[in-house]
Structure formats: C-alpha cells, structure tokens
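What follows is a short report on a single structure.
As the structure lists them, so they are numbered: ligands from 1, and atoms in each ligand from 1.
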Amino acid sequence: MLNSFYAKLSALFLVLLVGLGIILATFGMRAARQYADEVEQKLNRTLAEEMVPRFEPHLKDSIDTESIEATIQSMTGINRRIEIYLLEGDGTLKASFAVPDAEIKQRQVDLAPVRRFMEGDELPILGDDPMSAQGKKPFSAAHIEIMGRKGCYLYVILGSEKYASVASMVGDSYILQTALWGLGVIILVTAGVGLLLFRRLTKRLRGIQAVVADFEQGNFDRRVEVTSRDEIGRLGECFNRMADNLTETMEELRQADRMRRELVANVSHDLRSPIASIQGYLETVSMKDGDLDPEKRQHYVETALKNTKRLNTLVSELFELSKLETKQIEPTIESFPIAELVQDVVMQYQPRAEEQAVDLQAELPERHARVEADIGLVERVLSNLIDNAIHYTPEGGRVRVRLNNERGEVCVEVEDTGPGIPEDDLPHIFERFYRVDKSRDRDKGGAGLGLAIAKTILELHDRTLEVESTVGKGTTFRFRLPVESEVERQAA
Ligand code: ADP
C-alpha cells in the first residue's frame with residue numbers, strides 16, 4: 001500500500017501542502033507584525049519630539065529621574081508601556097526611565113536607524129531595543145539637551161512588551177486568529193479534495209494495470225474503457241490499439257500457420273496422384289513390354305506424359321506463386337496498349353474455345369487506351385481468367401473479354417455463361433488450392449492456384465480482382481488498370 005503510486009503522490013502532496021501552509025502563516029505573521037510596527041511608529045512619530053520640552057527643564061544641571069518619571073506618568077497614563085532612554089551623541093545609554101536597570105541588556109544603541117528616522121525616511125524603521133540583546137523595535141526619537149550638551153537623543157521604544165512574541169500577538173488579535181483558522185480550513189479542504197482527485201486518477205491507472213495484467217494472462221479480449229482524452233485516456237487508447245494489433249498479428253500468424261499446413265497437405269496430395277499414376281503406367285509398360293499391343297502401349301505412355309505435364313504445371317505454378325508472394329518478382333511498370341494484349345491472348349485461346357464449342361470473343365472500345373502495368377504479369381492474369389472461363393463454361397456457352405474506358409482507368413472484364421460460383425465459396429476462390437467442387441476429378445481442373453496467382457499479381461500493382469457470380473448464369477471477373485498519364489504521353 002505504502003509503495004503504491006497513490007500513497008507516494010498523496011504523501012508528497014500533503015508534505016507540500018503543509019509546507020506551503022507553514023510558509024504562508026510565517027509570512028502572514030511577519031507581515032502582520034510589520035504592519036503593527038508601522039502603525040505604532042506612524043501614530044507616535046512625534047512622541048519623542050513632544051516629550052523634549054517637558055523633559056529638558058529636569059535635565060539642566062543633573063538628570064532628575066524622579067521628576068521625569070512623574071512627567072512620564074502624567075503624559076502616558078499607567079497602562080501605556082513605553083520605555084524612554086537618554087542617549088549620548090555616540091549612542092551610549094545615558095539614562096533610562098520606566099525600566100528597571102537590571103533589565104537593560106544593551107548599553108549602546110546603533111544610531112543609523114535613529115538618524116534615518118529623524119531625516120524623515122519611510123516608516124517603519126526598527127531600532128535597537130536596549131532591553132533585549134538582539135531585538136529591534138519601532139521607536140520615536142528627537143534631539144535633546146542634557147546638562148548643556150547638545151546632540152544627545154531622547155529615544156522612545158514603542159509598544160515594547162505588546163508584541164514581544166508571535167503567540168501573544170495572535171492571542172491578542174481576532175483578525176489574525178480568524179486568518180489562521182481560515183488558512184487551516186483551506187489547507188484541510190485542499191488536502192481532502194486533492195486526495196480524492198488522486199484516488200480517482202490512480203483508480204483509472206489501476207484499471208489499465210488490471211487489463212494489462214489480464215492480457216498478460218492470456219485474456220486477449222479485454223480492453224481499457226477510455227472515458228477521457230487526457231494522458232491516461234490516451235495511454236488506454238494506445239494499449240487498446242496495441243492489443244488490437246497484437247491479436248490481429250496473432251490471428252494472422254495462426255492463419256499463416258494453418259495455410260502452411262494446408263499447403264503442405266495439398267501439395268503432397270496434388271503431387272502424389274500424378275506421380276502414382278506415372279509410376280503405375282510406366283511399371284505396366286516396363287513389365288509387360290513384349291505383351292502390350294502398340295496401341296495400348298502408346299496410350300499408357302501418353303497418359304504418363306500427360307501426368308508429367310500436369311506435375312510440371314503444378315510445380316511451376318507453385319514456384320511462381322511463391323516468388324510473387326515473397327516479392328521476388330517485382331512488376332516492371334511500362335505503358336502498353338491493353339486492347340492489343342487482350343486480342344493476342346484471346347487469339348491464343350481461340351483454338352481451345354473452338355474445341356470446347358465455346359464462343360470466345362473480345363469486345364473492345366473504339367478508343368484504345370494505353371495502360372501502365374507489367375505487360376507480362378497482366379498477360380498472366382488474363383490467361384488465367386480466360387483459361388478458367390473456357391474451362392468451366394459448358395458447350396455452346398459464351399465467354400466475353402471486355403474493355404471499358406473509365407476515368408483515368410481501363411476496366412477489364414472476363415465474363416462467362418458457366419455454372420457460376422455459390423455465394424459461400426466466393427470469398428475463398430482466391431485462396432491457394434481452393435476448389436469449389438472438392439470431389440471434382442483433378443484431371444479436369446487446375447491445381448487451384450490460377451486465381452491466387454492472378455490476385456497476387458494485381459496486388460503487386462496495388463489493384464484488386466473482383467468477382468461477381470450467379471449460380472446457373474455465369475461469372476464475371478473484373479480488374480482495373482491505370483491509363484498512361486497525360487504528361488508521359490506527351491513526353492513519349
Ligand atoms: P483451378 O485451377 O481449380 O481452376 P483457380 O484458382 O483458377 O483454380 O480457381 C479456383 C476455383 O474457383 C476453381 O476450382 C473453380 O471452382 C472456381 N472458378 C474459377 N473460375 C471460375 C469460373 N469462371 N466459373 C466458375 N467457377 C470458377
């Protein structure tokens with residue numbers, strides 16, 4: 001508990017507050033005292049001067065202490081406590097009145113304050129109090145003649161006893177007492193409010209700490225409740241963002257791991273069946289070489305060859321995808337007429353389309369734009385999409401490759417009248433090895449890598465591959481490429 005942030009903060013705050021209170025009280029008392037001195041001195045500024053004519057007759061031949069003390073009594077009354085001294089021209093104490101001689105502690109008075117007083121300097125001016133060793137008091141002073149010696153001083157210490165100690169001064173003053181009480185109450189209230197505020201503040205910190213500790217224990221779903229935009233609120237936000245990123249990364253890692261396992265499983269499966277088939281046919285040919293009629297032999301060898309080609313395609317596609325994903329292939333962006341590329345690829349696939357009785361045609365706009373992309377990679381995307389479209393479209397169906405000029409872009413569409421893709425499968429068709437018809441004879445379809453390759457190529461161009469499909473009606477794949485900028489065209 002004592003080690004907690006709250007305890008440390010509170011202790012520091014209380015120490016500072018009490019310190020501040022003491023300093024304030026000390027300064028306040030000192031100011032009050034100085035004020036009292038100032039008032040006393042101002043009120044009695046001319047006291048000494050007024051006394052001089054009354055004292056001088058008793059100082060002509062000798063110092064007539066009795067008469068002087070009687071004069072003092074008649075002037076000040078009994079209650080008034082003042083001490084009166086006669087000083088020589090050098091400040092030495094010559095005589096004192098209304099003061100027992102035993103109580104005199106200083107017999108030499110510093111004359112500098114006395115001269116300043118008599119020159120009319122700003123009040124208060126404190127002078128030496130002969131009754132205390134170090135004390136300074138307000139006073140009144142005037143020149144006086146003692147036994148024919150001019151240049152002596154009548155030195156009157158004012159209110160000497162009254163404010164001797166702070167305690168007596170406070171005890172006497174209702175205003176000072178009230179002020180001190182007020183200060184005490186203010187300090188108490190501030191301390192209370194401060195401690196409450198600290199408690200609220202540290203409670204929020206404790207809340208964050210609890211969530212972080214929970215996170216550490218594996219509860220990745222808990223988040224800090226952010227209620228304000230101050231530093232603590234922002235700390236909570238930062239933690240929440242960090243937690244989101246961490247969980248996202250963990251999820252991605254988990255997914256990557258799952259995909260890696262699936263990839264290994266799929267690759268082994270897809271490699272195993274053609275290899276087993278090649279092995280089987282070649283063994284048969286090798287064992288029954290003499291007994292086989294040439295036709296059968298030819299069939300076996302051709303099947304083995306077909307499987308070898310399949311293997312070759314699969315391995316090359318895998319290799320290509322892996323290079324694309326690890327960014328070993330960087331697109332070389334150049335500008336080229338997309339319509340010409342589309343026409344070339346469509347022509348390449350024409351024989352296969354005719355073979356499958358599929359009507360394959362390109363629909364091109366009148367104005368042929370030039371796009372900026374890697375021509376080889378875009379050709380690969382087109383081939384994969386057209387290949388799939390012809391592959392999945394039944395006899396008598398239609399495949400259209402369409403170009404549309406849009407603002408700053410050319411939209412490329414490959415549309416077919418094939419069986420379409422069920423809605424549930426649509427989000428997955430771009431995954432590696434994903435096939436809608438899992439039971440499909442693998443001889444017929446590809447390895448399930450064609451769309452993954454097309455999508456990765458477009459991602460390398462910062463583009464997306466979109467798909468729209470209606471089961472029973474057909475499928476449309478669509479992507480957009482940027483047209484060559486005006487500046488470059490003029491430069492070319
Ligand atoms: P494959 O090599 O199996 O064609 P792809 O990655 O090219 O692999 O496609 C993934 C899956 O998406 C295919 O197995 C197929 O089920 C579906 N598919 C792709 N293109 C079409 C299309 N034009 N019409 C219907 N289904 C398609």
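- Looking at Ser228 and Arg204, their side chains do bring a donor and an acceptor atom within 3.5 Å of each other.
- Per-residue contacts place Tyr434 under 4.0 angstrom from the following atoms of ligand 1 (heavy atoms of the residue considered): 10 (C), 11 (C), 14 (O).
- Distances from atom 23 (N) of ligand 1 to the heavy atoms of Asp416, Val471, Thr475, Ile429 put Asp416 nearest.
- Ligand 1 lies within reach of Phe477, whose nearest heavy atom is under 4.0 Å from it.
- A cation-pi arrangement is not found for Arg222 relative to Phe215, the charged atom failing to lie both closer than 6.0 Å to the ring centre and inside a 45° cone about the ring normal.
- At a cut-off of 3.5 Å, with distance as the only test, no side-chain donor of Arg241 or Asn245 sits close to an acceptor on the other residue.
- Here is the list of ligand 1 atoms found below 4.0 Å of a heavy atom in Val436: 14 (O), 16 (O), 17 (C).
- The contact set between ligand 1 and Leu449, taken as ligand atoms under 4.0 Å from a residue heavy atom, comprises 6 (O), 8 (O).
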Stepwise salt bridge (charged side-chain N to carboxylate O under 4.0 Å, His left out) test for Asp257 and Arg260: CA-CA 5 Å; Asp257 189 49; Arg260 189 184 54 77; 2.9 Å; yes
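- Of the listed options Leu451, Ile390, Thr476, Asp387, Leu451 places a heavy atom closest to atom 9 (O) of ligand 1.
- In terms of polar-atom proximity, defined here as any N/O pair under 3.5 Å, Gly448 does make such a contact with ligand 1.
- Distances below 4.0 Å separate heavy atoms of Gly450 from the following atoms of ligand 1: 5 (P), 6 (O), 7 (O).
- Proximity to Ile421 (heavy-atom distance under 4.0 Å) selects the following atoms of ligand 1: 18 (N), 25 (C), 26 (N), 27 (C).
- For the residue pair Glu406/Asn404, the side-chain donor-acceptor check at 3.5 Å is not satisfied.
- With hydrogens and angles disregarded, a donor-acceptor distance shorter than 3.5 Å links the side chain of Arg223 to the backbone of Phe220.
- Listed here is the closest heavy atom pair of Asp374 and Glu330: OD2-O, 4.2 Å.
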